[in-house]
S.K.: 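Just dropping this structure here.
First listed ligand is number 1; within each ligand, the first listed atom is number 1.
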Amino acid sequence: MAGKSVLIDVSKCIGCRGCQVACKQWNELPAEKTKNRGTYQNPPDLSGMTYTVVRFKELSVGGEMKWNFFKDQCRHCVDPPCKMTADDEAPGAIVVDDNGCVVYTDKTKQLKDLNEACPWDIPRWSDVKSEWVKCTFCHDRVANGLKPACVKACPTGTLTFGDRDKIMALAQKRLQDLGKSYPNAQLMDLEDVRWIYLLHEAEDRFEMGLLREVSKVKYGMKKVFSPMAPVWLTAGFLGMLFKRREEGMRREKENVEVS
Ligand code: SF4
Ligand code: SF4
């Protein structure tokens with residue numbers, strides 16, 4: 001598939017928040033006044049002034065304290081549920097550019113409750129701009145051959161940007177490597193999103209913010225009742241057959257290689 005992607009290898013994240021600062025700089029967003037909440041995570045959530053936030057999860061492992069970090073932002077879905085909602089209510093309010101960046105325009109001010117359409121609770125209302133805002137994938141930088149600001153700023157190699165097919169291959173390779181030390185390592189939503197998370201531990205060992213399963217259902221139902229339903233269902237059925245065939249071939253190959 002064409003376009004760009006980012007791999008977020010959270011096993012390498014040290015919670016420095018350089019990505020948060022770079023995002024604010026590039027998007028000219030102000031700092032937020034916050035309170036001590038008994039955690040080093042700051043600010044507490046995404047907002048109209050914060051398009052990416054590093055979430056901290058404090059864990060006790062064998063009597064020792066450790067942190068897991070999770071840099072949260074728009075996943076830039078391949079088939080974005082938020083755009084599907086926008087297309088009904090205000091066509092053109094959300095666009096996807098040639099690189100696959102999901103971009104909000106000022107027409108989003110016409111939309112109500114947009115963040116309920118997002119399975120990951122990403123869009124936020126900006127009181128300053130009076131419109132919905134979120135991570136832009138730095139689409140202006142990307143269109144000019146540059147990396148997103150957060151990727152450029154990250155000092156640890158947690159974030160890797162590139163052509164989608166190369167990033168997907170890298171994700172699979174890195175999963176294999178990480179799996180040797182971390183049996184619960186997993187890729188999140190590889191086929192469905194352009195910002196792909198590689199977790200080294202189980203999902204409940206990370207703070208991920210609000211995950212809205214209801215929206216996924218709503219999104220699925222919208223597909224079923226849309227005029228495109230026969231196309232979606234046929235595509236889904238063929239996709240399932242194709243996956244099974246691929247899985248069969250993979251197993252067959254493994255058997256051949258083992259024997
Ligand atoms: S993560 Fe949410 S806001 Fe981003 S493209 Fe997907 S549905 Fe839209
Ligand atoms: S800049 Fe990189 S290492 Fe630092 S918090 Fe962001 S993703 Fe993690």
Side-chain angles (χ1 to χ4, degrees), residues 3-26 40-43 46 48 50-57 67-87 93-97 99-105 108 111 113-126 131-139 147-161 188-189 191-200 206-220 222-223:
K4 304 292 183 188
S5 263
V6 172
L7 175 64
I8 308 169
D9 181 346
V10 300
S11 71
K12 295 183 179 175
C13 182
I14 56 172
C16 68
R17 292 174 288 202
C19 50
Q20 274 183 212
V21 175
C23 178
K24 287 208 177 247
Q25 270 186 335
W26 184 255
Y40 282 105
Q41 184 190 315
N42 194 36
L46 298 169
T50 299
Y51 299 171
T52 186
V53 68
V54 180
R55 301 189 186 278
F56 285 44
K57 178 110 176 186
W67 276 307
N68 273 348
F69 306 107
F70 185 87
K71 177 193 180 301
D72 198 9
Q73 80 292 296
C74 173
R75 274 56 163 180
H76 294 273
C77 304
V78 172
D79 189 10
C82 61
K83 182 176 182 310
M84 194 171 265
T85 294
D87 287 347
I94 298 176
V95 293
V96 180
D97 76 7
N99 291 311
C101 311
V102 180
V103 182
Y104 283 14
T105 72
T108 58
L111 299 166
D113 305 326
L114 180 62
N115 75 334
E116 285 183 19
C118 172
W120 296 282
D121 187 38
I122 298 298
R124 292 292 191 276
W125 182 257
S126 164
E131 62 193 46
W132 292 97
V133 292
K134 65 165 190 69
C135 157
T136 67
F137 206 144
C138 288
H139 65 97
K147 296 174 181 178
C150 61
V151 176
K152 183 143 183 10
C154 178
T156 63
T158 302
L159 308 173
T160 309
F161 165 80
M188 289 178 71
D189 308 303
E191 303 287 343
D192 298 328
V193 297
R194 287 184 182 273
W195 284 61
I196 301 158
Y197 287 93
L198 171 57
L199 305 181
H200 54 297
F206 296 88
E207 178 55 54
M208 294 188 186
L210 178 64
L211 305 181
R212 203 177 264 122
E213 285 302 317
V214 171
S215 283
K216 286 189 180 174
V217 173
K218 192 170 137 194
Y219 169 55
K222 255 184 135 170
K223 273 188 174 179

S.K.: State, with a plain yes or no, whether a side-chain heavy atom of Lys12 is found less than 4.5 Å away from one of Phe69.
M.R.: no
S.K.: Find out whether Cys74 and Phe137 are in side-chain contact, i.e. whether some heavy atom of one side chain is under 4.5 Å from a heavy atom of the other.
M.R.: no
S.K.: In chain order, what residues pass the side chain to side chain contact (heavy atoms under 4.5 Å, CB included) check against Ser126, with sequence neighbours excluded?
M.R.: Val128, Lys129, Val133
S.K.: Is the distance between the ring centroids of Phe56 and Phe70 under 6.0 Å?
M.R.: no
S.K.: Only pairs under 3.5 Å count here: list side-chain donor-acceptor contacts from residues 147-155, not counting sequence neighbours, and write none if there are none.
M.R.:
none

S.K.: Provide the number and element of each atom of ligand 2 under 4.0 Å from a heavy atom of Pro155.
M.R.: 1 (S)
S.K.: Starting from atom 3 (S) of ligand 1, which protein heavy atom do you reach first, and at what distance in Å?
M.R.: Tyr104 OH, 3.4 Å
S.K.: Less than 4.5 Å apart, side chain to side chain, heavy atoms only: is that true for Asp189 and Trp120?
M.R.: yes
S.K.: Angle class for the His200/Phe206 ring planes (parallel below 30°, perpendicular above 60°, tilted otherwise)?
M.R.: perpendicular
S.K.: Listing by chain and number, which protein N, O or S atoms are under 2.8 Å from atom 6 (Fe) of ligand 2?
M.R.: Cys19 SG
S.K.: Which atoms of ligand 1 have any heavy atom of Pro81 under 4.0 Å away?
M.R.: 7 (S)
S.K.: Closer than 2.8 Å to atom 4 (Fe) of ligand 1, which protein N, O or S atoms?
M.R.: Cys74 SG
S.K.: Are Ile122 and Asp72 close enough that some pair of their side-chain heavy atoms sits under 4.5 Å apart?
M.R.: yes
S.K.: Is it true that the side chains of Lys24 and Thr50 contain a donor and an acceptor less than 3.5 Å apart?
M.R.: yes
S.K.: Is Val102 close to Arg75 at the side-chain level, that is, under 4.5 Å between some pair of heavy atoms?
M.R.: no
S.K.: Could you check if a side-chain atom of Asn115 sits within less than 4.5 angstrom of a side-chain atom of Trp132, using non-hydrogen atoms only?
M.R.: yes
